[in-house]
Structures are given as structure tokens and as C-alpha cells.
Chemist: 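My structure is below; once you've seen it, I'll send some questions.
Remember, it's 1-based here, ligands and their atoms both numbered in the order they're listed.
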Amino acid sequence: MKTFEEISLELKTVLNQDRYAHTMGVAYTATSLAMRYEKDIEKAMFAGLLHDCAKCYSNQEKFAKVKSYQIELSKIEVENPSLIHAKLGAEVARDLYGVTDLEILNSIRYHTTGRPAMNWLEQIIFIADYIEPLRKVAPNLKTIRKESFLDLNKATTLILENILSYLHTRNNPIDTMTQKTYDYYSKITTI
Ligand code: DGI
Ligand code: FE
Ligand code: FE
């Protein structure tokens with residue numbers, strides 16, 4: 001696998017400026033969460049760094065890469081290409097950045113929708129993506145940030161509530177995985 005420095009330099013050329021800044025925010029927020037929960041800090045840093053590595057390709061490039069990596073897309077992913085960067089990102093991280101660690105690859109693959117029963121890294125990346133310092137618009141963000149350092153499951157539920165209500169107000173279709181993730185975490189959380 002390439003070094004953090006090498007990957008950062010490459011990402012700077014393929015991501016736009018805002019996305020690069022967000023990426024660094026997620027890398028360091030994930031690191032902080034890994035410290036708090038006594039997990040592997042380095043893994044969290046790499047996963048955060050790479051989670052949006054496929055975000056800035058054009059839709060045309062995304063579909064071309066999906067084809068070349070033989071990725072299976074659901075109907076909702078075909079119709080909402082903004083979802084594709086998660087699955088595609090896992091393949092790009094493996095192919096272009098030399099990541100072999102399955103936990104890192106899965107945390108990239110599931111960072112947008114989450115999934116039921118996420119492992120620690122998947123959950124930390126899902127949360128860090130939402131709470132990193134440059135994210136400014138979500139409701140109750142202050143509470144969610146605090147909760148992230150107290151109870152990962154509770155924070156996950158709060159984030160999914162926001163995502164679902166945001167998608168509802170915009171009349172965007174809900175990916176079945178997003179709904180399943182919400183159902184799972186709301187059931188195991190008492191708020
Ligand atoms: O890549 P980021 O912007 O950092 O964050 P992300 O990977 O969570 O992607 C956010 C985008 O994904 C945003 O445009 C909303 C969309 N999204 C997340 N879950 C769903 C969804 N879009 C649809 N249609 N359905 C979902 O369930
Ligand atoms: Fe993303
Ligand atoms: Fe992100």
C-alpha cells in the first residue's frame with residue numbers, strides 16, 4: 001500500500017479543493033474516534049483518507065469504471081449516480097492505491113448507506129463522514145458530534161434519521177441499504 005503522504009498527493013490532483021479538505025477532515029475525525037474507542041488509529045486514518053477517492057469522476061467515467069471493475073449496480077444506483085462512488089471507491093482504493101485490507105475496503109464500500117451491524121471501522125467512517133469539521137449544514141450537528149464520542153450506535157441512528165428526512169424532503173428515493181441500516185440501528189438504540 002502507498003503511504004499516507006503519497007495517497008494525499010495523488011488525491012489532491014483527482015479531487016476538487018473542497019472534497020480534498022473534506023477528505024482530510026474525515027481522515028482526522030476518524031483517527032480521533034479510533035483513539036476514543038481504542039481502535040487501530042492508522043487504519044482509521046487511511047480509510048478516512050480514501051473514503052471519497054472515487055467521488056470526483058464524471059458520471060461517464062464512473063459508469064466506465066463500474067464496467068471495467070465488473071461492479072454490479074442496483075437500479076437505484078444507476079438512477080442516482082451519486083451513490084456509486086462508495087462501491088467504486090473500494091475498487092479504486094484497491095487498484096490505484098494498493099489497499100488490500102478488507103476492513104478498509106468495506107468501510108469505503110458502505111460509507112454512504114451504511115449497513116446493518118457495521119464493524120467498528122465501517123461505523124467510524126460512516127460517522128466521521130457526517131461530523132467532520134467542515135460539514136456545517138445538518139440539523140442537531142452539535143449533539144451528533146458530541147454523541148459520536150459517547151455512543152457510536154446512538155450517533156449512527158441520529159445521522160440516519162437526518163439522512164432519511166433529508167432524502168424525504170427532497171423526494172429522493174431511499175436506497176434499501178440506507179433503510180435497513182436505519183431499521184437496525186434504531187432498534188438497538190434507546191434515545
Ligand atoms: O460523499 P459525501 O458527500 O461526503 O457523503 P456520502 O458518501 O454520504 O454521499 C452523500 C450523497 O449520497 C448525497 O447526495 C445523498 C446521497 N445518499 C445517501 N443515501 C442515499 C442517498 N441518495 C439516495 N437517493 N438514496 C439514499 O438512500
Ligand atoms: Fe462519500
Ligand atoms: Fe465523504
Chemist: Between Met177 and ligand 1, which residue portion shows a heavy-atom distance shorter than 4.0 Å: side chain, backbone, both, or neither?
Modeler: neither
Chemist: Compare all side-chain heavy atoms of Thr3 with those of Glu6 and state whether any distance is below 4.5 angstrom.
Modeler: yes
Chemist: Between Leu160 and Thr181, is a side chain to side chain contact (heavy atoms under 4.5 Å, CB included) present by the stated rule, with each step listed?
Modeler: CA-CA 8 Å; Leu160 283 157; Thr181 311; 3.6 Å; yes
Chemist: Restricting to N, O or S atoms of Asp52, which is nearest to the Fe ion (ligand 2)?
Modeler: OD1
Chemist: Short check: any N/O/S atom of Asp129 below 2.8 Å from the Fe ion (ligand 2)?
Modeler: no
Chemist: Please report the interatomic distance CG(Leu15) to SG(Cys53), rounded to the nearest 0.5 Å.
Modeler: 8.0 Å
Chemist: With a cut-off of 2.8 Å, does any N, O or S atom of His51 fall short of it relative to the Fe ion (ligand 2)?
Modeler: no
Chemist: Within this structure, what is the CD-NZ distance for the pair Glu103 and Lys39, rounded to the nearest 0.5 Å?
Modeler: 9.0 Å
Chemist: Determine if the distance from atom 26 (C) of ligand 1 to the closest protein heavy atom is below 4.0 Å.
Modeler: yes
Chemist: Among all the protein's non-hydrogen atoms, which is closest to atom 19 (N) of ligand 1, and how far away is it?
Modeler: Thr178 OG1, 3.7 Å
Chemist: N/O to N/O below 3.5 Å, does that happen between Asn172 and ligand 1?
Modeler: no
Chemist: So, Arg109 and Glu91, do they make that salt bridge, N to O below 4.0 Å?
Modeler: yes
Chemist: Does Leu83 offer a backbone N or O that forms a donor-acceptor pair with the side chain of Asn80 under 3.5 Å?
Modeler: no
Chemist: Do Asp175 and Lys180 sit within salt-bridge range, that is, some charged N less than 4.0 Å from a carboxylate O?
Modeler: no
Chemist: With heavy-atom distances below 4.5 Å as the criterion, would you say the side chains of Ile108 and Ile125 are in contact?
Modeler: no
Chemist: Can you tell me which N/O/S atom of His85 has the shortest distance to the Fe ion (ligand 2)?
Modeler: NE2
Chemist: Look only at the side chain of Glu79 and the backbone of Ile76, and say whether a donor-acceptor pair between them is shorter than 3.5 Å.
Modeler: no
Chemist: Considering only non-hydrogen protein atoms, determine which one is nearest to atom 16 (C) of ligand 1 and report residue, atom name and distance to 0.1 Å.
Modeler: Ser82 OG, 4.2 Å
Chemist: With heavy atoms of Asp175 as the reference, note each atom of ligand 1 found under 4.0 Å away.
Modeler: 25 (N), 26 (C), 27 (O)
Chemist: Counting heavy atoms only, which part of Glu77 comes closer than 4.0 Å to ligand 1: side chain, backbone, both or neither?
Modeler: neither
Chemist: When you measure from the Fe ion (ligand 3) to the N, O or S atoms of His22, does any of those distances fall below 2.8 Å?
Modeler: yes
Chemist: Pull out every atom of ligand 1 sitting under 4.0 Å from any heavy atom of Asp129, numbered as shown with elements.
Modeler: 4 (O), 5 (O), 6 (P), 7 (O), 8 (O)
Chemist: Please identify which atoms of ligand 1 are closer than 4.0 Å to at least one heavy atom of Lys55.
Modeler: 1 (O), 2 (P), 3 (O), 9 (O)
Chemist: Of the backbone atoms (N, CA, C, O) and the side-chain heavy atoms from C-beta on, which set of Arg135 has a member under 4.0 Å from an atom of ligand 1: side chain, backbone, both, or neither?
Modeler: side chain
Chemist: Could you say whether the N/O atoms of His51 and ligand 1 ever approach to under 3.5 Å?
Modeler: no
Chemist: Hey, is Asp52 touching ligand 1 through its side chain, its backbone, both or neither, going by heavy atoms under 4.0 Å?
Modeler: side chain
Chemist: Which atoms of ligand 1 have any heavy atom of His85 under 4.0 Å away?
Modeler: 1 (O), 7 (O), 9 (O)
Chemist: Checking Thr169 side chain against Ser165 main chain: does a donor-acceptor pair fall under 3.5 Å?
Modeler: yes
Chemist: At what distance is the nearest protein heavy atom to atom 20 (C) of ligand 1, and which residue and atom is it?
Modeler: Leu167 CD1, 3.5 Å
Chemist: Could you state the interatomic distance from CE (Met45) to OH (Tyr28), rounded to the nearest 0.5 Å?
Modeler: 6.0 Å
Chemist: Is the Lys NZ or Arg CZ of Arg115 less than 6.0 Å from the centre of Tyr110's six-membered ring, within 45° of the axis?
Modeler: yes
Chemist: I need the atoms of ligand 1 closer than 4.0 Å to a non-hydrogen atom of Arg19, numbered in the order shown.
Modeler: 1 (O), 2 (P), 3 (O), 4 (O)
Chemist: Kindly identify the option in Ile159, Leu83, Ile163, Leu164 whose heavy atom sits closest to atom 21 (C) of ligand 1.
Modeler: Leu83
Chemist: What do you reckon, does Pro173 have a nitrogen or oxygen under 3.5 Å from a nitrogen or oxygen of ligand 1?
Modeler: yes
Chemist: Going from CG on Leu158 to CD1 on Ile131, what distance comes out if it is rounded to the nearest 0.5 angstrom?
Modeler: 11.5 Å
Chemist: Roughly how far, to the nearest 0.5 Å, is CD1 of Ile159 from CG of Leu141?
Modeler: 8.5 Å
Chemist: Is the distance from the Fe ion (ligand 3) to some N, O or S atom of Glu132 under 2.8 Å?
Modeler: no
Chemist: Of all the non-hydrogen atoms in the protein, which one sits nearest to atom 7 (O) of ligand 1, and at what distance?
Modeler: Thr112 OG1, 2.7 Å
Chemist: Considering the heavy atoms of His22, write down every atom of ligand 1 situated less than 4.0 Å from one of them.
Modeler: 4 (O)
Chemist: Is Lys65 reaching over with its side chain to a backbone N or O of Ile71, donor-acceptor style, under 3.5 angstrom?
Modeler: no
Chemist: Do Glu72 and Lys87 sit within salt-bridge range, that is, some charged N less than 4.0 Å from a carboxylate O?
Modeler: no
Chemist: Taking 4.0 angstrom as the limit and counting only heavy atoms of Asn80, give me the atoms of ligand 1 inside it, by number and element.
Modeler: 24 (N)
Chemist: Have a look at ligand 1 and work out which part of Gln179, if any, has a heavy atom under 4.0 Å from it: side chain, backbone, both or neither.
Modeler: neither
